[in-house]
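Model, not experiment: these values are computed from the prediction.
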Amino acid sequence: MIDVLIVGAGPNGLMLACELALAGVHPVVLERHPTPGGEPRANGLVGQVVRLLDRRGLHARLSGDGNPPSPQPAFTFGAFPLDLTVLADNPHYVLGVPQAQLEAVLAARAAELGVDLRRGHEVVDLRQRPDAVEVDLADGTRLTARFLVGADGGRSLVRRTAGIEFPGVTNDRSVSRTATVSVPASSLDPETGGLLAPGYGIVPPFQHTRTPRGLIAWAPFPGRPALVSTTEWPDAPTGDETPMSLAELRASVTRVLGVDVPFGPPDGPGLLRRLKGGNTRIAARYRAGRVLLVGDAAHVHPAMGGPGLNLGLQDAVNLGWKLAATVRGWAPEGLLDTYESERRPVAERVVMSTQAQSALIGPGEEITGLRELFAELLRMPEVTGHIAALMSGADIRYPADPADPMAGRPAPDLVVHGDRGVVRLAELTRTARPLLLDSTGAWAEVAAPWRDRVDVVTGRLAGTTATGLLVRPDCFVAWSAGDADTLRAALTRHFGQPL
């Protein structure tokens with residue numbers, strides 16, 4: 001019997017497979033497409049997930065250098081520029097890699113860990129038994145697994161077949177158009193890389209620019225074709241089902257800016273995409289018996305701010321160690337259910353953020369008035385800091401001991417000075433095992449009965465005032481130096497009964 005069957009080999013399914021393999025569980029990943037998809041999707045990683053990938057040793061593979069990630073000095077929220085240099089502790093990270101590259105790196109890592117990835121295998125049905133899930137494939141094959149995880153996107157067959165409802169809203173008010181383009185050098189601002197639109201001004205790069213008529217984004221990615229996208233709110237549905245053309249995008253840009261911009265086709269294959277409306281939905285349950293959901297199978301929302309991979313990949317890492325502990329038999333009672341209780345509120349905040357941004361970019365003079373007020377608020381560093389924490393996921397706090405100020409929060413970037421030399425936390429978390437950091441030598445003795453599943457590193461901790469930290473495999477703090485009793489309680493609550 002298969003330990004865990006994962007349906008979908010996108011970033012979330014592959015990340016989950018890697019986490020399970022690191023925890024000693026042998027997953028099988030099924031992907032209905034015979035080869036990796038080449039269609040452009042997400043264009044980068046935004047938020048705390050960049051630090052998370054660093055803590056699995058994947059940041060260097062994606063960025064091409066060995067330097068730790070550094071915070072982004074600027075970003076955008078609802079078509080407002082955010083100056084993040086005003087923050088004493090900037091939590092916002094960005095890694096500009098296309099989704100295809102991310103999937104290739106995760107697939108390679110999964111192969112290194114011995115994950116069984118089967119492409120060209122389509123799931124058509126499933127049934128649950130008390131002890132397993134039976135899965136039927138399009139070719140007539142039947143597989144049996146102890147657990148099944150749907151990582152098969154917003155139209156998830158796993159979710160539908162498991163009987164999990166997907167409540168939310170669908171609207172058809174907006175039309176978004178995106179294309180890869182070429183632009184003559186004379187249409188580029190040499191100082192900023194922005195798009196010169198005579199009669200309008202400069203459209204800054206990598207931001208959403210709103211006008212009373214719509215939204216435009218200009219993304220001149222280094223080493224690959226530039227992207228232009230627009231969003232409009234037509235007075236009546238377009239009803240146009242013909243394939244989108246570059247001329248259609250150019251006409252949309254003219255309507256949004258009020259001037260024409262001379263776009264040409266890209267060198268080589270390109271993207272031409274039109275999307276009408278959008279969905280905002282969260283699954284009624286993240287788990288039905290032995291079936292669980294991650295990523296877009298569990299939630300869909302507007303793409304404003306690029307939170308999708310930040311949310312989905314952290315779903316996978318949160319679920320991975322809990323599902324592995326359940327499979328291996330040491331999970332405390334109810335641990336697997338905390339996947340939903342911890343991650344659903346995060347999805348709800350992402351939905352709130354993206355809906356708020358969607359409202360802020362809307363058409364009309366009343367929205368312009370709202371934006372004038374919002375611009376005043378963004379001049380306050382505390383407001384910018386609040387929004388940066390919201391967009392990055394740095395404001396997450398899972399349910400934890402209220403007397404412990406660090407418990408339930410993302411572990412800080414810190415350095416351990418000990419027997420191993422000077423080591424970053426990110427170098428100690430690549431095995432995805434629970435980790436106790438001890439600057440006194442006393443906490444290690446308390447944790448000794450859990451030595452089969454919790455690693456201990458002793459040394460001086462730079463970057464925190466705590467004398468000890470218990471770090472979960474998903475790099476959230478489970479405990480920060482209270483006393484021996486609270487440490488034992490945290491170890492038991494998260495990692496089960498001791499030996």
Side-chain angles (χ1 to χ4, degrees), residues 39-41 43 76-81 171-222 224-278 302-306 357-372 374-375:
E39 180 182 349
R41 295 182 185 176
N43 290 302
T76 182
F77 179 88
F80 285 98
N171 73 76
D172 60 358
R173 296 188 300 270
S174 65
V175 178
S176 298
R177 298 173 175 89
T178 303
T180 45
V181 300
S182 61
V183 178
S186 59
S187 293
L188 299 177
D189 178 36
E191 292 186 9
T192 66
L195 186 65
L196 294 174
Y200 171 82
I202 298 175
V203 178
F206 302 109
Q207 292 186 21
H208 291 100
T209 298
R210 177 193 178 269
T211 75
R213 299 168 297 278
L215 192 77
I216 182 171
W218 161 245
F221 296 107
R224 50 191 171 115
L227 273 177
V228 174
S229 65
T230 64
T231 301
E232 296 179 85
W233 292 264
D235 294 333
T238 63
D240 188 0
E241 302 301 330
T242 61
M244 199 188 87
S245 66
L246 195 59
E248 180 182 332
L249 174 73
R250 187 166 172 174
S252 177
V253 170
T254 300
R255 289 191 297 270
V256 171
L257 295 179
V259 299
D260 182 46
V261 179
F263 298 124
D267 296 328
L271 170 69
L272 287 168
R273 181 172 61 200
R274 181 199 306 117
L275 297 174
K276 296 182 181 181
M304 292 292 295
Q357 292 182 74
S358 297
L360 284 167
I361 66 170
E365 293 305 321
E366 67 277 17
I367 300 299
T368 300
L370 176 63
R371 290 181 62 83
E372 290 175 359
F374 208 83

From [X] atom [atom1] to [Y] atom [atom2], the distance as rounded to the nearest 0.5 Å:
X	Y	atom1	atom2	value
Leu227	Phe206	CG	CZ	9.0 Å
Met304	Thr76	CE	OG1	6.5 Å
Ile202	Glu191	CD1	CD	8.0 Å
Lys276	Ser176	NZ	OG	12.0 Å

Original post:
Would you say Ile361 and Trp233 make side-chain contact, with heavy atoms under 4.5 Å?
Top reply: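 Sidechains of Trp233 and Ile361: in contact.
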**OP:** Would you indicate whether the side-chain heavy atoms of Thr209 and Pro204 approach each other to under 4.5 Å?
**Re:**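 Side chain of Pro204 against side chain of Thr209, heavy atoms only: contact under 4.5 Å found.
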Search all heavy atoms of [X] against all heavy atoms of [Y] and return the closest pair with its distance.
X	Y	result
Phe263	Leu246	O-CD2, 4.3 Å
Pro212	Glu365	CB-OE2, 4.4 Å
Thr180	Gly270	OG1-CA, 3.0 Å
Leu196	Leu188	CD1-O, 3.5 Å
Gln357	Gly305	OE1-N, 4.0 Å
Val175	Arg274	CG1-CG, 3.9 Å

Is a donor on one side and an acceptor on the other found under 3.5 Å between the side chain of [X] and the backbone of [Y]?
X	Y	result
Ser182	Pro265	yes
Arg210	Gly362	yes
Arg250	Val261	yes
Thr254	Gly258	no
Arg177	Leu249	no
Arg371	Gly78	yes
Thr230	Val253	no
Thr178	Arg273	no

Subject >> Heavy atoms from other residues, nucleotides or ligands near CZ of Arg173 exceed 12 (cutoff 6.0 Å) >> reply: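 Not more than 12 within 6.0 Å, no.
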Original post:
Should we count CD of Glu366 as having more than 12 external heavy atoms under 6.0 Å?
Top reply: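 Yes, CD of Glu366 has more than 12 neighbouring heavy atoms, counting only those of other groups under 6.0 Å.
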Subject >> Check against side-chain contact (heavy atoms from CB on, under 4.5 Å), Trp218 and Val181 >> reply: CA-CA 10 Å; Trp218 161 245; Val181 300; 4.1 Å; yes
